[in-house]
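Right, one structure below, let's go through it.
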Amino acid sequence: MHPLILNKDTNMKVYQTNEIKNIALLGNDGAGKTTLTESLLYEAGVIKRRGRITQKNTVSDYFPVEQEYGYSVFTTVFHTEWNGKKLNIIDCPGSDDFVGSALTAMNVTDTVILLLNGQYGVEVGTQNHFRYTEKLKKPVIFLVNQLDNEKCDYDMILEQLKSIYGSKVVPIQYPLNPGPNFNSLIDVLLMKKYSWAPEGGAPTIEEIPAEEMEKASEMHKALVEAAAEHDETLMEKFFESESLTEDEMREGIRKGLAARGMFPVFCVCAGKDMGVRRLMEFLGNVVPFVSEMPKIHNTRGEEVTPDPNGPTSLYFFKTAVEPHIGDVQYFKVMSGKVHEGDDFINADRGSKERIAQIYACAGANRIKVEEMVAGDIGCTVKLKDVHTGNTLNGKDSEHRFNFIKYPNSKYSRAIKPVNEAETEKMMAVLNRMREEDPTWVIDQSKELRQTIVHGQGEFHLRTLKWRLENNEKIMVKFEEPRIPYRETITKAARADYRHKKQSGGAGQFGEVHLIVEPYYEGMPAPDTYRFNGQEFKINVKSQDIIPLEWGGKLVFINSVVGGAIDTRFMPAILKGIMSRIEQGPLTGSYARDVRVIVYDGKMHPVDSNEISFMLAGRNAFSEAFKNAGPKILEPIYDVEVLVPSDKMGDVMGDLQGRRGMIMGMNSENGHEKLIAKVPLKEMSSYSTALSSLTGGRASFSMEFASYELVPSDVQDKLIKEFESKQSED
């Protein structure tokens, strides 16, 4: 890995808010983002030579785990300076497993470049990323890469884009000869032909050849019309003369982009550095500035303008742990200005911080700057107590930000160190890694007696394991997580229990008679019960409704008449019942939705005490529960799968094989959407199975829905497993 360089000598110009543009670079795995990054930096003069992924010397993907797997795991933040403007660009991992990074990047930038692989066009990753841009209302530029691939079919990709995203898709360029000999394209914004020598770089710019004129003019007209649509003055001018100047078109396109009223399509061949310079020109000239985008809201719902003269507020969106340096923390200046040596208060933790140095980012290189203003993105090192998602405020600022919402986990594994003695060390490292990627969720489950790591997919967790073992030298193993079953009852039952113990001096005595029954919301008060021909009339003296922290309720009713049990012993009986509720008799899982009525019992004037009634209550409840038709409940999840239509049958069959109930289906942008309810038990390796069923072309999300009764054959199996485990223990 090349070492991180802190460049202390170069002093960069301070860019103003209206000179800064923030751009996220997204695209499916294999679309060529890292290669494009090298060409962008090379064209802007930030690097002298373009690195290659195969040679492990690129500005992005500089961490060992990325070089091991050959693709991005982290976002890389870099900037280029172009024509007096500063472009902050965040290169994001393409795999859906690392969607957390992409979402973070989209939230702190203003425009998204969606890179398409010239041989595959719109892939499931493209669809997923585009859906996030819709939610976040971010402008999108489509960029078709790898035009030199022999399977590249630009016209087909354009058709595909238009059929999915509609008439807002407007091509600005088209290639003349896609395939291995690609070296020229037509730009219908400037109405010029661009061509390149084999080594790429600076283009030759010429007039459009006669045979292309008709096609180019038609596309130019469509572009002019799209540009005029978002500005009344331009619209009027367009109706009068059917043409706009280059500057007017840029203005129109910028407004159209900002309003998501148009999605321009560009072409590049990043590997040969063809078309990259023209793309940068467009980014510099046309993409909206920070100041032209919708404002972000703080946690109080107030709009925060990126005003360089406002009070200073920094939002920390990413932490990277660098060898030899420690935590490098990336921030966006939300308002005001930050200088070296400024003091701040952490709005989330109350601690004081001083920012000693500020750097502009260029992958593993950092360029020292003395000041950054609202809208800019930079990084710093050696902060005392700042975590991802924290806000640092200067004086007069009281903002806090929490605008990034991450998706639910899709893949979970229990994790433990091979050497038990390293448990504490492992937990410390896991919590630190969560700072780098908030979609890794760590849960030390008291209920399951396991440490569970949740992530976005198998590869996501495999990366975590690789880093623990290779970077931290902690060997770990993954296991299937236990399922948080619940137990409940299906009918009423009665039991009594006498706890009696005599052992010199004071003894122990408590007797409890109780009824248990299934509880549901809005249930009428209990009245009369019959068991074995005997009638029990209930007279409610008091009722406690206890919401259980694991879901459902316990309702505890005191119906004891004539002082058979003193009221002061009721809390002890409830305590005994609660201790059994935490360990159901069938599988030791939590019980829920039970109503308990204590209607009779006996006391001893000397020997009765709290412990006696606690044990009597516990044992009476246990016996009644076993006779009340106990059942096991399992967690059911709502699962949504986005799948290409040709794989619909396979995916549906697979879900049904997982005891899934198909709830509905509909079409969404060229993909089918399947909605199903599936038991959590059957979802444990779903991300891997779905990927192999569809060749990685489908994606899914899942969310907890409810607890439902397990089928009787599954219940029998679970009880047998529990019993054999008990006898082993």
Side-chain angles (χ1 to χ4, degrees), residues 95-97 99-100 103 122-132 134-135 164 405-413 439 441 448 452 454-461 480-486 488 551-552 589 592 631-715 717-718:
S95 164
D96 202 31
D97 281 26
V99 66
L103 273 170
V122 178
E123 299 177 76
V124 78
T126 321
Q127 302 267 49
N128 289 340
H129 289 145
F130 190 87
R131 268 204 311 285
Y132 289 123
E134 268 175 327
K135 279 187 193 148
I164 298 173
K405 303 283 174 274
Y406 294 104
N408 294 334
S409 309
K410 303 173 187 173
Y411 189 85
S412 305
R413 283 294 174 266
T439 58
V441 180
L448 305 177
I452 313 284
H454 306 279
Q456 294 296 314
E458 186 198 5
F459 183 55
H460 196 205
L461 290 197
E480 288 268 322
R482 299 183 184 116
I483 301 295
Y485 291 110
R486 299 282 177 263
T488 193
S589 307
R592 57 178 277 170
K631 286 277 186 208
I632 299 170
L633 301 164
E634 65 179 338
I636 304 293
Y637 275 67
D638 283 328
V639 177
E640 269 191 17
V641 191
L642 272 180
V643 57
S645 5
D646 58 323
K647 296 290 178 187
M648 184 74 155
D650 298 350
V651 170
M652 207 191 270
D654 176 72
L655 280 172
Q656 286 164 332
R658 294 171 188 274
R659 299 194 282 128
M661 270 176 68
I662 307 293
M663 306 305 288
M665 55 184 89
N666 54 42
S667 286
E668 189 179 283
N669 294 344
H671 273 63
E672 302 297 322
K673 185 163 150 192
L674 255 182
I675 300 159
K677 286 193 181 295
V678 191
L680 178 63
K681 171 91 176 106
E682 308 294 335
M683 290 298 290
S684 103
S685 301
Y686 187 62
S687 67
T688 319
L690 182 67
S691 185
S692 64
L693 261 181
T694 62
R697 289 164 58 216
S699 73
F700 77 103
S701 61
M702 56 192 276
E703 196 168 339
F704 172 74
S706 61
Y707 270 93
E708 305 291 340
L709 293 173
V710 304
S712 50
D713 56 326
V714 177
Q715 173 153 325
K717 193 172 152 209
L718 289 170

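This is a predicted model, so every value here is computed, not measured. For this chain, numbers begin at 1 and follow the sequence in order.
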Let me see the working for S685 and R413 under side chain to side chain contact (heavy atoms under 4.5 Å, CB included), right down to the final yes or no. CA-CA 10 Å; S685 301; R413 283 294 174 266; 3.1 Å; yes
Hey, mind stepping through H460 and K410 against side chain to side chain contact (heavy atoms under 4.5 Å, CB included) and telling me if it holds? CA-CA 10 Å; H460 196 205; K410 303 173 187 173; over 6 Å; no
Applying side chain to side chain contact (heavy atoms under 4.5 Å, CB included) to K405 and K135, what does each step give before you reach the verdict? CA-CA 11 Å; K405 303 283 174 274; K135 279 187 193 148; over 6 Å; no
Steps toward side chain to side chain contact (heavy atoms under 4.5 Å, CB included) verdict (D650, T694): CA-CA 8 Å; D650 298 350; T694 62; over 6 Å; no
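For the pair I636/M661, no side-chain contact is recorded, criterion being any heavy-atom separation below 4.5 Å from C-beta on. You'll find the side chain of S701 stays beyond 4.5 Å of the side chain of N408, heavy atoms only. L655 is listed as a side-chain neighbour of Y686, based on a closest heavy-atom distance under 4.5 Å. Residues Y411 and T688 form a side-chain contact, since some pair of their non-hydrogen atoms from C-beta on lies under 4.5 Å apart. Residues V122 and F130 fail the side-chain proximity criterion, which asks for heavy atoms closer than 4.5 Å. Within the 4.5 Å cutoff, the side chain of S691 has no heavy atoms near those of the E458 side chain. Within the 4.5 Å cutoff, no side-chain heavy atoms of L633 are placed close to those of S589. Looking at heavy atoms from C-beta onward, M652 lies in side-chain contact with L674 at the 4.5 angstrom threshold.
For the atom pair CD of E682 and CG of L680, the computed distance is 9.5 Å after rounding to the nearest 0.5 Å. In this structure, the separation between CG on D97 and CD on Q456 is 7.5 Å, given to the nearest 0.5 Å. Rounded to the nearest 0.5 angstrom, Y707 OH and E634 CD are separated by 9.5 Å. In this structure, Y485 OH and L448 CG are separated by 11.0 Å, a value rounded to the nearest 0.5 Å.
Here the closest heavy-atom approach between residue I632 and residue Q715 is recorded as N-OE1, 2.9 Å. Counting all heavy atoms, side chain and backbone alike, Y406 lies closest to G100 at CE2-O, 3.5 Å. In terms of heavy-atom proximity, A698 sits nearest to V643 at CB-CA, 4.1 Å. Closest approach of M702 and S409 over heavy atoms only: CG-O, 3.8 Å. What you find for S412 and P481 is that their closest heavy atoms are O-CG, 3.4 Å. Across every non-hydrogen atom of V99 and P407, the tightest pair is CG1-CG, 3.7 Å.
A donor-acceptor pair under 3.5 Å is absent between the side-chain atoms of T439 and the main chain of G455, judged by distance alone.
Judged purely by distance below 3.5 Å, without hydrogens or angles, the side chains of E480 and S684 pair a donor atom with an acceptor atom.
Environment of NZ in K677: crowded, with over 12 heavy atoms of neighbouring residues, nucleotides or ligands closer than 6.0 Å.
Using a cutoff of 4.0 Å between basic side-chain nitrogens and carboxylate oxygens, R659 and E708 are not scored as salt-bridged. Between D654 and R658, at least one side-chain N (NZ, or NE/NH1/NH2) sits under 4.0 Å from a carboxylate O, which counts as a salt bridge.
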